[in-house]
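Quick caveat: nothing in here was measured; it's all calculated off a predicted structure. In what follows, every chain begins at residue 1, and chains take the letters A, B, ... in the order their sequences are listed. Because only heavy atoms are used, hydrogens play no part in the values below, and waters and symmetry mates are left out as well, while side chains stay in.
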4 protein chains.
Amino acid sequence: MFELDLRSRKPIYEQLVEKLKVLIISEVLKTDEQLPSVRVLSTQLTINPNTIQKAYRELERQGYIYSLPGKGNFVARVTRDGNTERLAKLREELVKILSEAIYLGMKKEDIIKIISEVDVMVRGGEK
Amino acid sequence: MFELDLRSRKPIYEQLVEKLKVLIISEVLKTDEQLPSVRVLSTQLTINPNTIQKAYRELERQGYIYSLPGKGNFVARVTRDGNTERLAKLREELVKILSEAIYLGMKKEDIIKIISEVDVMVRGGEK
Amino acid sequence: MFELDLRSRKPIYEQLVEKLKVLIISEVLKTDEQLPSVRVLSTQLTINPNTIQKAYRELERQGYIYSLPGKGNFVARVTRDGNTERLAKLREELVKILSEAIYLGMKKEDIIKIISEVDVMVRGGEK
Amino acid sequence: MFELDLRSRKPIYEQLVEKLKVLIISEVLKTDEQLPSVRVLSTQLTINPNTIQKAYRELERQGYIYSLPGKGNFVARVTRDGNTERLAKLREELVKILSEAIYLGMKKEDIIKIISEVDVMVRGGEK
DNA sequence: GTGGTCTAGACCACC
DNA sequence: GTGGTCTAGACCACG
């Protein structure tokens, strides 16, 4: 289900957060669907339960999931507002990465192509 | 000259690397121009010299500057090859950020506008 | 375990890098084996932890080891490609040293004998 | 006459020492021949005279040249003994470099070919 | 317990 | 004056 790189410099819990975000964004995991329990995921991935917990808490903080104590963790509905803060941060990151990419020779057309691909992937599920 | 967030989770030397990259990319600092000396920057920013050193060595590793021991640190000429690896990494990051941005409601047109702005900023200096 | 010359002009961390390379090359330290922790080595050699760190990071940069933050440093698998650059540098050094050695009277047969010894030492572990 | 890399990490005086050694070893500069004066070389290379001086002193220390105060610097006769110390050091370096080269995949035959080339270059002048 | 980062301050080689 | 190295010792994130 997941491929985590235990040798990566990036913390495992962050990798988990990213992977789960992808699943949510691409709507493999749908709104209100239950995520695998900490214990199950922990044994499946042979990873410390604390690490899973930390990832779930982080996703909750970012509004991607919500937790019902005693029940489990569930995918949250996307709120298209209240994200201005996060969007500002993303925009900033975007500028940084784009600057470097263009400086190193990536072409504008290549970038636009990437955008289109991502756009299809993300919004493809909606109508 | 710089605004560093000493409280950020992101290491100071990484922040410095990013800030300096921006200056180089936007050609505020030009090829072969000398960067402020480790000690000068250290006192200006009230940051330990070792931290500045680390940032400079990282920039050198990435090919953005070169160092002449006993002379100083200087902006390197851009090499348009040998960047394929770095570009692949940037592309990957790009996909990740774009996914999330689009998911959270950023519009394709907005993104393209950002690209154009960055493109002008970076390539504006060239002819 | 190591004999470092603290008075040498050669930086301690470079000496460490060389010593560790020998251990890795001669397969005293085997692939994926854990290296002594920064702190342990630091107290064993009565050398500052930062210096050990620097040596480890240099070895990582050269592809001899990899680091798992929070876990330790481990011997990397040898990659037989991507070394062309390094090999070119080594070849250059070789020519320089051989020139001087032959000029000072070292005989071709002696050198070939040395090669054979090294060859056995390095490739002896393989089949 | 010389190509010095002012951008190299290696000190300029060391580069000079190496270049001059090559000229002496390959007998472009012959025994008792006079080396260019510090002043001349200094202006030719647009390099600080102190740096040239340092290189000459180093070559003298290693027995490659001798200096007649008020006259100049001259190529010394090779002494085929008294070099045991230097030869031991070279041998040690040789082992180190060969180990790494072989470890990284350089073949024994390649190395022997290099030796032959160098041997011809160095001893070619003699009969 | 592990590596990663940072500070404060020192000494050295180079030019 | 410049970068390069090193020490002594601290704090933090990670698992």
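- The interatomic distance linking B/N73 (CG) with F/dG1 (C1') rounds to 13 Å, in whole Å.
- Between B/T46 and D/I12, the one whose closest nucleotide on DNA chain E sits nearer the 5' end is B/T46.
- Checked by atom type and distance alone, the side chain of B/Q62 never pairs as donor or acceptor with a backbone atom of B/R86 at under 3.5 Å.
- Between the NZ atom of C/K54 and the C1' atom of F/dT7 there is a distance of 13 Å, rounded to whole Å.
- In this model, the phosphate group of E/dG4 is approached by a side-chain N or O of C/S67 to a distance below 4.0 Å at OP1 or OP2.
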For salt bridge (Lys or Arg N to Asp or Glu O under 4.0 Å), just list the numbers for C/E92 and C/K89, CA-CA rounded to whole Å, side-chain angles, deciding distance to a tenth of an Å, and then say yes or no.
CA-CA 5 Å; C/E92 202 182 299; C/K89 211 174 249 174; over 6 Å; no

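- With rounding to whole Å, C/Q53 atom CD is found 15 Å from F/dA8 atom C1'.
- C/T51 has a side-chain polar atom (N or O) that falls below the 4.0 Å cut-off from OP1 or OP2 of F/dT7.
- Using a 4.0 Å heavy-atom cutoff across all strands shown, C/Y56 reaches no nucleic acid atom at all.
- A straight line from CZ of B/F74 to C1' of E/dC15 spans 12 Å, rounded to a whole angstrom.
- Pairing for F/dC14 is with E/dG1, a Watson-Crick or G-U wobble pair whose two hydrogen-bonding atom distances lie under 3.5 Å.
- Side-chain N/O atoms of A/N48 include none lying less than 4.0 angstrom from OP1 or OP2 on F/dC14.
- Within the 4.0 Å cut-off from OP1 or OP2 of F/dT5, not a single side-chain nitrogen or oxygen of C/R9 is found.
- Within 4.0 Å (heavy atoms only), A/I47 reaches no atom of the nucleic acid at all.
- Classification of A/K19 and A/E3 as a salt-bridged pair fails, no side-chain N sitting under 4.0 Å from a carboxylate O.
- Atoms CG (B/N50) and P (F/dG9) sit 16 Å apart, rounded to a whole Å.
- Applying the 4.0 Å criterion to OP1 and OP2 of E/dC6, one finds that B/Y13 has every side-chain N and O outside that range.
- Both C/L6 and C/P69 lie close to DNA chain F; mapped to their nearest nucleotides by heavy-atom distance, the more 5′-ward contact belongs to C/L6.
- A/E58 and A/K21 are not joined by a salt bridge, as no carboxylate oxygen comes within less than 4.0 angstrom of a charged side-chain nitrogen.
- With rounding to whole Å, D/D5 atom CG is found 12 Å from E/dC15 atom P.
- Between B/Q34 and C/P11, the residue whose closest nucleotide on DNA chain F is further toward the 5' end is B/Q34.
- Taking atom NZ of C/K71 as the reference point, atom P of F/dA13 lies 19 Å away to the nearest angstrom.
- Ionic pairing of C/E93 and D/K96 is not present here: no N-O contact between side-chain nitrogen and carboxylate oxygen is shorter than 4.0 angstrom.
- A straight line from CD1 of D/I52 to C1' of E/dC15 spans 12 Å, rounded to a whole angstrom.
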